[in-house]
Amino acid sequence: MLTVDFYESGQGETILVHFPDGGLGVVDAHPSRSKSRPEIEALVGGQRLHFLCLTHPHADHGVDLFKALSAAAQIERYWHTVTDIQALFFAVTQQRVYPDRFSSLLTDLRITWAQYLIDLYDAVKTRTENDPGFTQKINDQRRSDEIAGVKVHFLGPLEADQNHFTSTYRALVEGKHRSKPNENSLSAILAFEYGGHLVILGSDALAENWQEAEKRCRKERLPKAIILKVPHHGGQDALGDPKARSYLDLCRPNCETAAILFGGDAKHPHPKVLDRLKTKTAVQCLANGLKPPGQVSSNPLGLRIPGARALVPAPTCNPHISFTIRADGQVEQMAGSQCEFCQCV
């Protein structure tokens, strides 16, 4: 059987994929600020990992991956989406210029972001020197793989976006003017096929990539998703225009697809995105930033601004959501439930 565990962090993401042979896959890892997620060492310590995957280089997806590298007994592969490490490190040192009272805070954030990448890639480099095949770049051009009877489809990022990211930052290093690309364009989209079902983990992939992913799924006649990790914490830039194809077109009809939402802050999910999710899927959230616990309205101050809401930490709806898919196609939910806020109305 295939089991997928989603753990709340209140900010980032941790997803574990348990394969039928007992091995694990780790897709991103971020500690929980509410301490509701076990330490990563407890989750992967002494385990055999088929892969460790950083879906894209944002810190809310990878801070704990370095610890996972050290804790696991065996790691077969490290999957990543960054084509040029030098360009990446230059990118994370860049920041917009704000008034002085904000500059030190932004610098600290950038240092934290860069430091986790330095630690992670240093450890990965050491392992790659001993096993040249340890590090594997993934994008939409990579052929599907099979792990312990589970087909793994690589639907993103788009190779063209990876190349654009690299060429843009190389040009910036040379002093040429270029518009800085969005690191979310590097996001991996992984689809796990087992028991006639599809589990789609789309990290923070953007709308353009989802349109291409949907085309490929139709072309290869992949099943509709039974589980979808909601991309970019429910952000509008991942769902796109309601008239265009999106990740919702990869879902089953009649709210049969479980949509797992990592909310995390007052901007996520976007109210319009949540409304569309609830018409198509059975939403379950680990954290939801639309309103604080016990508060009836998401706009208690009565601000006459579209989308206005209280800026408070996102409450934890579920510390852990888990599903098991059996070889015969049966699906069982092992942990988590729809919170009152996410239920279809």
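Heavy atoms only: backbone and side chains are in, while hydrogens, waters and symmetry mates are out.
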- Note on the structure: Residues passing the salt bridge (charged side-chain N to carboxylate O under 4.0 Å, His left out) test with Glu212, sequence neighbours excluded, are Lys215
- Message: Centre-to-centre under 6.0 Å for His233 and Phe262, is that the case here?
- Response: no
- Message: Can you tell me how the ring of His80 sits relative to the ring of Tyr121, calling it parallel under 30°, perpendicular over 60° and tilted otherwise?
- Response: perpendicular
- So, Asp204 and Ser187: side-chain donor and acceptor under 3.5 Å apart, yes or no? no
- Message: Per the side-chain hydrogen bond (donor to acceptor under 3.5 Å, both in side chains) rule, what does the pair list look like for residues 62-72, sequence neighbours excluded?
- Response: Arg37-Asp64
- For residues His30 and His61, establish whether the separation of their ring centroids is below 6.0 Å. no
Atom pairs and distances, donor-acceptor, side-chain atoms in residues 218-231, under 3.5 Å, two or more places apart:
unit_1 : atom_1 : unit_2 : atom_2 : d
Arg218 : NE     : Glu214 : OE1    : 3.2
Arg218 : NE     : Glu214 : OE2    : 2.7
Arg218 : NH2    : Glu214 : OE1    : 3.0
Glu220 : OE2    : Arg216 : NE     : 2.9
Lys224 : NZ     : Asp249 : O      : 2.5
Lys229 : NZ     : Glu13  : OE1    : 3.3
Lys229 : NZ     : Glu13  : OE2    : 2.8
Lys229 : NZ     : Ser203 : O      : 2.7

- Message: Filter on salt bridge (charged side-chain N to carboxylate O under 4.0 Å, His left out), then keep only pairs touching residues 45-60, sequence neighbours left out; what's left?
- Response: Asp21-Arg48, Arg48-Glu76
- Query: Using a distance-only test with no angle check, is there a side-chain donor-acceptor pair under 3.5 angstrom linking Gln74 and Gln47?
  - Reply: no
- Item | Side-chain H-bond candidate by donor/acceptor type, Thr128 with Thr135, under 3.5 Å | yes
- Query: For the atom pair CZ (Phe51) and CH2 (Trp79), what is the distance rounded to the nearest 0.5 Å?
  - Reply: 4.5 Å
- Kindly state whether the ring of His268 and the ring of His232 have centres lying under 6.0 angstrom apart. yes
- To the nearest 0.5 Å, tell me how far Ile189 CD1 sits from Ile200 CD1. 8.0 Å
- Query: Rounded to the nearest 0.5 Å, how far apart are CG of Leu186 and NE2 of His56?
  - Reply: 8.5 Å
- Query: So, Thr324 versus Thr3: side-chain donor-acceptor pair below 3.5 Å or not?
  - Reply: yes
Which pairs would a plain distance check flag for residues 144-161, meaning a side-chain donor or acceptor within less than 3.5 Å of a matching protein atom at least two apart in sequence or in another chain?
unit_1 : atom_1 : unit_2 : atom_2 : d
Ser144 : OG     : His153 : ND1    : 2.7
His153 : NE2    : Glu193 : OE1    : 2.8

- Verify the ring-centre separation between His50 and Phe19: is it less than 6.0 angstrom? yes
- Item | Residue pairs passing the salt bridge (charged side-chain N to carboxylate O under 4.0 Å, His left out) test where at least one lies in residues 253-262, sequence neighbours excluded | none
